[in-house]
Amino acid sequence: MAQSYHEKIKIPNGVEYDQPVGLFINNEFVASKDGAKFEVINPATEKSITHVYEAKEADVDAAVEAATLAFESGPWSRMAPHDRGRLLYKLADLMEEHLPVLSSIETYDTGKAIAIARGDVGAAIATIRYYAGWADKIHGKVVDTDAGSFNYTIQEPIGVCGQIVPWNFPLIMFCWKVGPALATGNTVVLKSAEQTPLSSLYLASLIKQTGFPPGVVNVISGFGAIAGAAIAEHPKIHKVAFTGSTVVGRSIMRAAANSNLKKVTLELGGKSPNIIFNDADIEKAVEWVNFGIFFNGGQVCAAGSRVYVQEGVYDKVVAAFKKRAEMNVVGDPFDDATFQGAQVSQRQFERILEYVDVGQTEGATIITGGSRQGTNGYFIKPTVFADVTEDMRIMKEEIFGPVCAIAKFKDLDDVVAKANATLYGLASAVHTRDLNTAIEAAKRIRAGSVWVNIYNAIHWAVPFGGYNESGNGRECGKEALRNYTQIKSVRINLN
Ligand code: ADP
């Protein structure tokens with residue numbers, strides 16, 4: 001009998017399900033070629049959940065082979081665009097049916113609060129539906145040049161796309177990548193993050209159940225330096241999309257340059273400013289500042305980790321923010337009331353606490369938090385540093401945890417200069433009742449997203465991505481379709 005490479009798992013909230021643990025290649029779950037596996041940890045308890053098969057170079061080759069065949073000669077290559085759309089709609093419906101199990105897996109594997117995981121799955125489903133709608137609306141143009149020629153363009157898929165995703169929003173990142181790639185007719189080899197492989201494998205089983213032809217989507221678990229690097233270097237992958245740290249983003253660009261000049265889109269780190277003007281609705285602004293930094297335990301590339309408050313309301317905001325941060329429920333990720341669960345891994349947990357030490361050594365004032373919560377699991381108290389100066393590392397470097405730096409500013413010119421004094425440029429927000437201030441700030445801040453009187457307002461229909469070292473290309477919206485298509489120009493001589 002063929003091995004099934006599934007394992008029965010019981011999640012602490014009582015959900016029981018079949019977890020695929022194999023690599024998903026050509027619509028089958030298979031063992032890695034050398035049989036290697038790695039352990040998956042529950043960050044809320046530090047205990048083992050299971051082991052999954054680990055992809056190395058030879059497994060990446062097999063996945064690329066399957067994706068190449070599917071792109072060049074399988075039923076996918078001949079499928080009408082509206083039928084690709086129908087498959088994506090069907091996948092979204094199936095994900096909706098499986099929402100309780102998908103969100104439970106996400107919480108079990110990442111440590112994030114179940115309420116947030118449910119929201120993640122909802123956003124992942126909406127993303128797939130959004131791109132399903134695009135599948136049959138991607139057109140070329142007719143270009144008029146002269147009476148003697150007829151010219152048109154075709155917007156064609158690129159081919160096999162490598163997609164490397166991080167651990168903070170495994171399902172959303174999966175769908176942001178796979179949605180536009182499939183809508184435009186590409187095939188995919190997606191690598192999940194080694195910290196969080198489980199929901200991607202479960203989603204792979206739904207992709208098979210939906211009826212996508214073999215080889216269209218291949219999902220592998222594995223480590224960045226081995227399987228991730230093999231994707232970035234692969235001569236038969238013609239596009240790589242990556243979300244993760246800026247340092248790895250650089251290595252992916254280098255790997256693309258050194259191999260086949262594959263197209264690269266990168267969604268990288270940030271140190272995003274969240275700005276409160278004197279005239280803001282302070283209560284609401286503090287709510288968004290709290291959400292901006294502590295949502296998902298601060299493990300958000302767009303996190304509002306630099307909070308700038310205008311002089312007239314600084315003391316009031318600092319006091320209100322302290323009070324609000326202390327109201328966040330931190331703890332058991334499966335409790336519906338929890339807002340902040342565990343950090344994803346021991347490495348991240350230790351890194352964040354190191355930054356807390358750095359902030360104290362640099363002379364910033366901790367107004368709340370600053371330590372581990374409890375003795376088991378990777379929980380950290382929501383931490384706020386006040387009186388932070390521009391030269392401090394906690395003001396410059398991405399911490400990727402529940403740690404916020406607050407500083408004062410004088411006026412619009414002052415805060416725009418501070419907001420832009422960063423190597424990054426992913427997101428930003430301003431809180432003000434004055435439309436002119438909002439528009440002026442939105443114009444002058446160098447970042448891919450500016451939010452007004454809200455934070456983390458990411459939406460699948462609105463382009464999202466970075467200026468500067470926060471990356472290139474845009475995900476979400478119509479713009480993401482460009483990442484996965486190339487233009488062919490055809491000129492016909494009519495004479
Ligand atoms: P973090 O440091 O927060 O874990 P990374 O940028 O290292 O973030 O990881 C994001 C994704 O990039 C993960 O899927 C990881 O496996 C992958 N990755 C890490 N290093 C490399 C690499 N050298 N080449 C390709 N992918 C990598």
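Remember, it's 1-based here, ligands and their atoms both numbered in the order they're listed.
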Is the shortest side-chain N to carboxylate O distance from [X] to [Y] below 4.0 Å?
X	Y	result
Lys191	Asp59	no
Arg129	Asp93	yes
Glu287	Arg324	yes

*Amino acids contacting ligand 1, non-hydrogen cut-off under 4.0 Å*: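 Residues Ile164, Val165, Trp167, Lys191, Ser192, Ala193, Glu194, Gln195, Gly224, Gly228, Ala229, Phe242, Thr243, Gly244, Ser245, Val248, Ser251, Ile252, Arg347, Gln348 each place a heavy atom under 4.0 Å from ligand 1, listed by chain and number.
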*What class does the angle between the rings of Tyr5 and Tyr53 fall in, given that below 30° is parallel, 30 to 60° is tilted and above 60° is perpendicular?*
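Judged by the thresholds at 30° and 60°, the geometry between Tyr5 and Tyr53 is perpendicular.
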*Mind checking what makes ring-ring contact (aromatic ring centres under 6.0 Å, His included) contact with Phe291, not counting sequence neighbours?*
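Residues passing ring-ring contact (aromatic ring centres under 6.0 Å, His included) with Phe291: Trp288, Phe295.
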_Can you confirm whether Val121 sits close enough to Arg118 that some side-chain heavy atom of one is under 4.5 Å from a side-chain heavy atom of the other?_
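Of all side-chain heavy-atom pairs linking Arg118 with Val121, none is under 4.5 Å.
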